[in-house]
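When a ligand or atom number is given, it counts from 1 through the structure's own listing order. Atoms considered below: every heavy atom in the structure, side chains included; atoms not considered: hydrogens, waters and symmetry mates.
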Amino acid sequence: MNTEQEALKMPRLDQPLAIQTCNLAFRWPGQTAVLHFPDIALPQGQHLFLHGPSGSGKSSLLGLLAGMQRPISGSIKLLGCHLDTLSASARDRFRADHAGVIFQQFNLVPYLSAMANTLLPCRLSRLRKERSTTAPEQAAETLLTHLGITRDHWYRYVGQLSIGQQQRVAAARALIGAPELILADEPTSALDTDNRDRFLDLLLDLARERNSSVVFVSHDQALARHFDQRLNLEARP
Ligand SMILES: Nc1ncnc2c1ncn2[C@@H]1O[C@H](COP(=O)(O)OP(=O)(O)OP(=O)(O)O)[C@@H](O)[C@H]1O
């Protein structure tokens, strides 16, 4: 795969790197094609725009950074931890403690309310619960309110919410407990331009408040200007 990395802002050398990858390659089980990825060096608190056409490997790379898959070669260092050397369960633990993931299809639990979905990370990770400066319920209320989910929607099943509302609940779930990393896969694809820009501004403002590093996947070049760094994956033959 031909790839190109364009740094809009050079990493500041006085900031520790939140994400550092080197010579990453990955092959999906049952496939012969190997995906090769450009190196990432993202300082803590910076925001990376991961861009490329459909099939270029954006979700695959995000899955590697989230520890959901393991590379066939190369290294991934997150917050100083060598993720690629950990077992699957240790990677799950690391993700629960340190990463808020917004999936392309949101992956909310349909039989739980917006509030219960938002609180899940604090139930799964003591670190996330303790990092919250207020009680988790209060943190969830604050996040849902910031993200425009009104009180009358907090205790509804997420299946009864609109796609845009579900997306914002997924963002609240990712942000609760101030994880150091936010990994977001095309979270604005179902939104019109106005809502897309509003959602992105909110997400990045909240990430900035928490000094979270963000990797944001999108095929929409217009969003690149909001980010510190940009990584382009090129079309695969
Ligand atoms: N679960 C999977 N099993 C096997 N192959 C997969 C799987 N997911 C993705 N692939 C393959 O890996 C390659 C990269 O896919 P990926 O979903 O990472 O691209 P993408 O850039 O995120 O695409 P899109 O913008 O359409 O979401 C494609 O050839 C795809 O067919």
Side-chain angles (χ1 to χ4, degrees), residues 1-8 19-42 47-78 83-84 86-89 91-92 94-95 99-109 163-164 166-168 170-171 173-174 181-193 195-197 199-200 203-204 207 213-237:
M1 187 190 307
N2 290 323
T3 52
E4 173 196 339
Q5 180 169 19
E6 183 181 346
L8 299 180
I19 301 179
Q20 189 170 23
T21 71
C22 187
N23 293 330
L24 269 190
F26 177 65
R27 183 172 49 225
W28 282 101
Q31 306 288 314
T32 49
V34 175
L35 301 165
H36 294 275
F37 298 106
D39 294 347
I40 298 175
L42 189 71
H47 302 164
L48 172 73
F49 185 68
L50 179 53
H51 173 263
S54 182
S56 58
K58 303 181 296 296
S59 298
S60 303
L61 177 53
L62 207 75
L64 293 175
L65 295 177
M68 291 184 287
Q69 283 83 35
R70 199 181 203 168
I72 54 169
S73 60
S75 64
I76 306 176
K77 205 167 156 191
L78 300 184
L83 196 71
D84 51 283
L86 300 182
S87 66
S89 60
R91 295 198 306 273
D92 288 347
F94 184 91
R95 180 169 63 253
V101 184
I102 307 176
F103 296 92
Q104 216 166 6
Q105 311 297 334
F106 314 144
N107 289 17
L108 295 169
V109 183
I163 295 296
Q166 290 184 37
Q167 189 162 54
R168 283 174 280 146
R173 184 182 62 178
L181 305 169
I182 303 289
L183 305 172
D185 195 353
E186 302 254 15
T188 55
S189 55
L191 297 185
D192 60 41
T193 311
N195 280 313
R196 181 199 69 184
D197 287 348
F199 173 82
L200 187 60
L203 180 71
L204 296 182
S213 301
V214 176
V215 179
F216 187 98
V217 168
S218 178
H219 61 271
D220 188 349
Q221 277 279 24
L223 301 180
R225 64 193 163 84
H226 296 273
F227 292 81
D228 303 307
Q229 288 193 34
R230 191 165 75 204
L231 185 66
N232 288 321
L233 303 186
E234 288 188 358
R236 290 169 5 89

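- For Leu231 against Asp39, the heavy-atom pair with the smallest separation is CD1-O, 4.4 Å.
- Partner of Ile76 under the side-chain contact (heavy atoms from CB on, under 4.5 Å) criterion, chosen from Leu64, Leu61, Ile40: Leu64.
- Near Ser56, meaning under 4.0 Å from any of its heavy atoms, are these atoms of ligand 1: 19 (O), 21 (O).
- The closest side-chain heavy-atom distance from Leu181 to Val215 is not below 4.5 Å.
- Distance from atom 25 (O) of ligand 1 to its nearest protein heavy atom, with residue and atom name: Lys58 NZ, 2.8 Å.
- Side-chain contact annotation: Gln229 with His47, donor-acceptor N/O pair under 3.5 Å absent.
- In this structure, atom 31 (O) of ligand 1 is not in close contact with the protein, since no protein heavy atom lies within 4.0 Å of it.
- Of all protein heavy atoms, the one lying nearest to atom 29 (O) of ligand 1 is Arg236 NH2, 3.4 Å.
- Between Asn107 and Arg173, the shortest heavy-atom distance links the atoms O-NH1, 3.0 Å.
- A donor-acceptor contact shorter than 3.5 Å is absent between the side chain of Arg27 and the backbone of Ala33.
- With hydrogens left out, the protein atom closest to atom 19 (O) of ligand 1 is Gly57 N, 3.2 Å, a heavy atom.
- Contact annotation for His219 and ligand 1: no heavy atom of the residue comes within less than 4.0 Å of the ligand.
- Of the charged side-chain nitrogens involved, none lies within less than 4.0 Å of a carboxylate oxygen, so that Lys77 and Asp84 do not count as a salt-bridged pair.
- Counting only heavy atoms, the protein gets under 4.0 Å from atom 2 (C) of ligand 1.
- Counting protein heavy atoms only, atom 27 (O) of ligand 1 is closest to Gln104 NE2, 3.5 Å.
- Counting heavy atoms under 4.0 Å from ligand 1, residue Pro53 touches it through the backbone alone.
- Among all protein heavy atoms, the one lying closest to atom 9 (C) of ligand 1 is Trp28 NE1, 3.3 Å.
- Here the closest heavy-atom approach between residue Phe37 and residue Gly57 is recorded as CE2-O, 3.4 Å.
- Protein heavy atom closest to atom 26 (O) of ligand 1, with residue, atom name and distance, is Ser54 OG, 2.6 Å.
- Residues Ser56 and Leu35 are not in side-chain contact: their nearest non-hydrogen atoms beyond the backbone lie 4.5 Å or more apart.
- Of the candidates Gly63, Gly55, Ser59, Gly55 brings a heavy atom nearest to atom 13 (C) of ligand 1.
- Looking at Pro29, Ser60, Ala33, it is Ser60 that brings a heavy atom closest to atom 18 (O) of ligand 1.
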